[in-house]
Amino acid sequence: MQTSWADLATNSAPEIAGASNTTAPSRPVYVPPHLRNRGASASTESSSAPPPPNVSTDNNAGSRWGAPRNGWGNRSGGWDRREVNPFEDQENAAEEGGAAFGEEQGNTGINFDAYEDIPVETSGENVPPPVNTFAEIDLGEALNQNIRRCKYVKPTPVQRYGIPISLGGRDLMACAQTGSGKTAAFCFPIISGIMRGQGQPLQRPPRGARTVYPLALVLSPTRELSMQIHEEARKFSYQTGVRVVVAYGGAPINQQLRELERGVDILVATPGRLVDLLERARVSLQMIKYLALDEADRMLDMGFEPQIRKIVQQMDMPPPGARQTMLFSATFPKEIQSLASDFLSNYVFLAVGRVGSITDLIVQRVEYVQESDKRSHLMDLLHAQRENGVQGKQALTLVFVETKKGADALEHWLCRNNFPATTIHGDRTQQERELALRSFKTGNTPILVATDVAARGLDIPHVAHVVNFELPNDVDDYVHRIGRTGRAGKKGLATAFFNDNNASLARPLADLMQEANQEVPDWLSRYAARSTFGGGRNRRNGGGRFGGRDFRREGSFSRGGSGYYSTGNNSGGYGTSGGYGGGFGPGVTSAWD
DNA sequence: AAAAAAC
């Protein structure tokens with residue numbers, strides 16, 4: 001059941017009343033986005049929070065938001081009158097007669113047909129039912145307009161299921177990949193909730209000079225991913241009055257501080273920089289109403305657990321239950337389960353089949369290449385690729401290597417041989433990283449050599465070819481890497497260079513390719529058969545289509561009784577098919593059986 | 001073993 005605005009308003013009425021009636025006139029006044037930008041009755045009481053939000057004398061906050069009379073869809077909304085139009089690039093591209101790659105739909109269009117067969121499972125108490133259209137969700141006119149601007153026609157599975165869960169006020173543990181529409185799935189409820197006033201502070205910020213009090217926090221593992229989430233969130237919140245700020249390391253902190261001081265509702269951050277900001281007391285988490293952790297398993301892999309626990313449990317963030325938490329992870333191993341039980345309160349578990357990474361949209365090839373032959377072999381591939389350029393530009397090729405040094409060396413070699421290449425890895429300055437990514441995305445440098453910093457989450461449209469110049473040791477990393485192509489329903493090619501150094505990957509790689517209906521070379525099958533004694537040590541987590549399953553189903557947590565689990569696949573189309581977007585063989589029935 | 005992430 002969808003919770004209505006009236007219910008939400010009633011539930012939070014005491015908080016709102018408490019907050020707005022005890023206002024001492026001389027204090028900085030928090031004005032929720034839905035009350036901002038009402039006429040010109042500007043208050044000048046705060047000198048510490050420029051520009052001062054307009055304070056409305058109209059206390060009729062109960063008017064259904066989105067009502068046209070307030071006109072908060074107009075251009076000057078929110079904290080920041082100088083809000084830059086995040087859709088500008090896209091509009092310019094459209095005027096120039098299509099993007100650089102000759103698309104009519106801009107670069108955010110998603111081929112939704114590719115999502116039709118994706119299996120979805122939910123479990124937990126009283127799971128809110130999924131929706132089929134954005135129109136069924138009461139997101140408000142401003143947000144709806146941004147959805148149209150983004151050219152989203154139809155919600156993806158993680159959105160169909162996840163948004164009603166979050167809008168219903170529930171915590172969410174979601175197993176889903178990037179490329180599944182995750183960012184919108186957690187941004188829409190956050191933005192909508194803040195606009196509804198659900199993010200209203202329970203108490204005034206203390207007079208502490210330059211501390212800011214975001215209402216929502218989004219954590220992600222890499223700087224580039226944070227940037228990407230920020231860019232998307234800015235589109236979703238355009239002209240809603242909700243302000244999104246990003247903070248990550250490697251970039252000058254002063255600029256980020258200035259952005260924060262201009263006001264922040266949603267803070268997107270990498271853990272290290274956020275801890276820094278918290279220790280400097282420039283950010284306080286005491287007003288946090290929404291917490292989203294993206295790529296949680298990746299963050300743990302990278303050793304972020306202490307910092308994440310510090311941020312969530314040892315600073316001033318409200319406890320589970322007093323905030324709404326959304327935990328996203330591609331897999332659901334023990335460490336994530338423990339994070340889930342510590343950070344979430346009576347959550348709904350949602351698992352969405354892999355999207356865009358392991359479908360038949362990606363043609364996977366494995367070639368046996370000795371180390372000494374790899375460079376010339378790569379050159380052959382790139383020459384072939386050149387023929388496939390669109391509009392005079394070479395198709396984008398992403399080349400993965402294992403080490404930072406290896407990335408630099410390969411880039412230099414490619415450049416020396418007149419291949420336009422650049423590289424992204426952790427030893428480059430943030431400026432260099434961002435330049436490299438931009439240059440690659442625009443097609444100016446159509447070859448990008450990367451370490452695993454670029455393996456997860458990054459959404460680069462038009463990557464035609466992913467080359468695993470050096471294969472990772474973990475097949476999950478392979479899955480993430482090749483997922484950089486074949487995105488948004490488009491076709492992609494993934495080529496891997498395999499040799500004796502990758503013996504441990506033979507079995508899981510062959511299995512994976514078989515599951516995805518790919519042609520497995522005989523030599524690889526033989527290789528895999530030889531390494532059978534390995535005993536599946538490198539088998540993929542949980543086996544099958546989902547990254548994990550709700551461990552509460554497996555005993556300890558179970559409360560018995562009927563109706564505890566409610567599967568969400570009762571609304572035709574999802575979860576019922578035995579196949580997997582054509583990608584998985586008939587032998588696989590359901591990961592849940 | 002290497003990758004990532006704060007100054």
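Keep in mind that the numbers below use all heavy atoms, side chains included, and drop hydrogens, waters and symmetry copies. Worth saying up front: this structure is predicted, and the values here are computed from it rather than measured.
Under 4.0 angstrom from either OP1 or OP2 of dA2(B) there lies no side-chain N or O belonging to T451(A). Dashed line: the shortest gap from a side-chain N or O of R433(A) to OP1 or OP2 of dA4(B) is not under 4.0 Å. Within the 4.0 Å cut-off from OP1 or OP2 of dA2(B), not a single side-chain nitrogen or oxygen of K405(A) is found.
Atom CD of E432(A) and atom P of dA4(B) are 13 Å apart (whole Å). Whole-Å rounding puts the R428(A) CZ to dA5(B) C1' distance at 18 Å. What separates CG of D297(A) from P of dA4(B) is a distance of 17 Å, to the nearest Å. A straight line from CD1 of I311(A) to C1' of dA6(B) spans 11 Å, rounded to a whole angstrom. Taking atom CG on L300(A) and atom C1' on dA3(B), their separation rounds to 15 Å, with Å as the unit. One atom, CG of D452(A), and another, P of dA2(B), lie 14 Å apart when rounded to the nearest Å. Computed from coordinates, the L219(A) CG to dA6(B) P distance equals 11 Å when rounded to whole Å. Counting to the nearest Å, the P atom of dA5(B) and the CD1 atom of I308(A) are 13 Å from each other.
Here dA6(B) is the nucleotide among dA6(B), dA3(B), dA1(B) with the atom lying nearest to any side-chain atom of D276(A). You'll find that the side chain of T222(A) is closest to dA5(B), out of dA3(B), dA5(B), dA6(B).
No side-chain donor-acceptor contact under 3.5 Å links R433(A) to the backbone of G426(A).
Screening L505(A), D500(A), L509(A) against Y527(A) for a side-chain contact (heavy atoms from CB on, under 4.5 Å) leaves a single residue, D500(A). In summary, of the residues considered (L267(A), L217(A), V264(A)), a side-chain contact (heavy atoms from CB on, under 4.5 Å) with V283(A) occurs for L267(A) alone.
Taking the six-membered ring for Trp and the full ring otherwise, F497(A) and Y368(A) have centroids separated by 6.0 Å or more.
Within the nucleic acid shown, R223(A) comes within 4.0 Å of sugar-phosphate atoms alone, with no base atom in reach, counting heavy atoms only. Residue contacts shown for E279(A) include a base, since a base heavy atom lies under 4.0 Å away. When heavy atoms are screened at a 4.0 angstrom cut-off, V275(A) is found touching no nucleic acid atom at all. At the heavy-atom level, G303(A) lies nowhere under 4.0 Å from the strands shown.
Ion pairing of E231(A) with K235(A) is absent here, as no side-chain N (NZ or NE/NH1/NH2) approaches a carboxylate O to less than 4.0 Å.
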